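Since the model is a prediction, treat every value here as computed from it, not as a measurement. Side chains are part of it too, since the values below use all heavy atoms of this structure and drop only hydrogens, waters and symmetry mates. Residue indices begin at 1 and follow the sequence shown. Atoms within a ligand are numbered from 1 in the order they appear, just like the ligands themselves.
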Amino acid sequence: MPITPFEASQRAREICLAAPIVPVLVVDSVEHARPLAKALVAGGLPALEVTLRTEAALDVIAEMATVDGGIVGAGTLLTPEDVKAAKAAGANFGVSPGATEQILDACEAEGLPLLPGAATASEAMRLLERGYTLMKFFPAEAAGGAKLLGSLASPLPQISFCPTGGVNVKNANDYLSLPNVICAGGSWVAPKEFITKGAWDKIESLAADASKLLT
Ligand code: 3PG
């Protein structure tokens with residue numbers, strides 16, 4: 001069922017409010033999907049972004065979507081085909097590094113709540129004009145970090161952000177303490193070496209630490 005931008009932001013907001021951090025996941029093997037999702041959910045991070053950057057990504061989404069307590073989304077949405085495939089695999093939300101008309105149209109038509117990317121006031125204003133009130137601030141650190149994002153709060157108080165890109169355990173609270181941030185995204189909770197080794201207890205522990213960051 002199609003959704004409006006307003007509904008998309010509302011649903012994305014509910015998902016983002018589940019925990020302070022949304023893990024950004026790059027998963028090469030579908031065998032890792034279930035234990036990885038279980039570890040992150042057990043650690044207190046239920047909303048998971050699986051980037052469409054590996055061949056296994058869609059199968060990983062389908063597998064993770066069956067894990068109790070998880071809310072699985074698809075990241076790195078670049079084309080309408082990505083959107084359709086993510087939705088078909090069972091994604092509950094989508095994330096894009098930017099926002100093109102094609103991506104917005106496709107997510108609205110497919111009924112996939114989207115966190116569209118914005119890095120400047122003008123990009124955020126264009127999305128707001130269309131009805132989006134929740135966006136991914138990307139690439140957060142490179143674009144100007146918490147200082148830039150905090151500066152948008154006063155002129156654009158109706159927009160909330162999920163900063164992603166260079167966010168880590170040390171700087172996360174700089175973002176999470178801003179009035180226009182409701183969660184942040186980051187890959188540090190699921191390092192590639194831990195996924196490859198199957199170090200699920202270590203990932204659960206990183207997730208547990210992240211879940212205790214400011215909300
Ligand atoms: C990404 O899409 O790669 C995210 O922005 C994650 O960035 P990070 O690896 O710096 O957390």
Report yes if Gly166 has an N/O atom closer than 3.5 Å to an N/O atom of ligand 1; otherwise report no.
-> yes
For Gly186, counting its heavy atoms only, list the atoms of ligand 1 lying under 4.0 Å from any of them.
-> 11 (O)
Going by the order shown, which atoms of ligand 1 are within less than 4.0 Å of some heavy atom of Phe138?
-> 5 (O)
If we only count heavy atoms from C-beta on, is the Ile61 to Leu52 side-chain gap below 4.5 Å?
-> yes
Nearest neighbour in protein (non-hydrogen) for atom 11 (O) of ligand 1 = Ser187 N, 2.9 Å
One should read off an interatomic distance between Lys84 NZ and Leu77 CG, to the nearest 0.5 angstrom, of 12.5 Å
Report yes if Arg53 has an N/O atom closer than 3.5 Å to an N/O atom of ligand 1; otherwise report no.
-> yes
Does an N or O from Trp188, backbone or side chain, lie closer than 3.5 Å to an N or O of ligand 1?
-> no
Please report the closest heavy-atom contact between Tyr132 and Pro116, naming both atoms and the distance.
-> CD2-CG, 3.9 Å
d(His32 NE2, Trp200 CH2) to nearest 0.5 Å is 5.0 Å
Ranked by distance from atom 7 (O) of ligand 1, the top protein heavy atom is Gly165 CA, 3.6 Å
Which side-chain N or O atoms in residues 8-26 pair as donor and acceptor under 3.5 Å with protein atoms at least two apart or in another chain?
from, atom 1, to, atom 2, distance (Å)
Ser9, OG, Thr133, N, 3.0
Ser9, OG, Leu134, N, 3.4
Arg13, NH1, Ser160, OG, 3.4
Arg13, NH2, Ser160, OG, 3.4

Can you tell me how far CG of Leu112 sits from CD1 of Ile3, rounded to the nearest 0.5 angstrom?
-> 7.0 Å
Measuring from the heavy atoms of Thr164, does anything fall under 4.0 Å of ligand 1?
-> yes
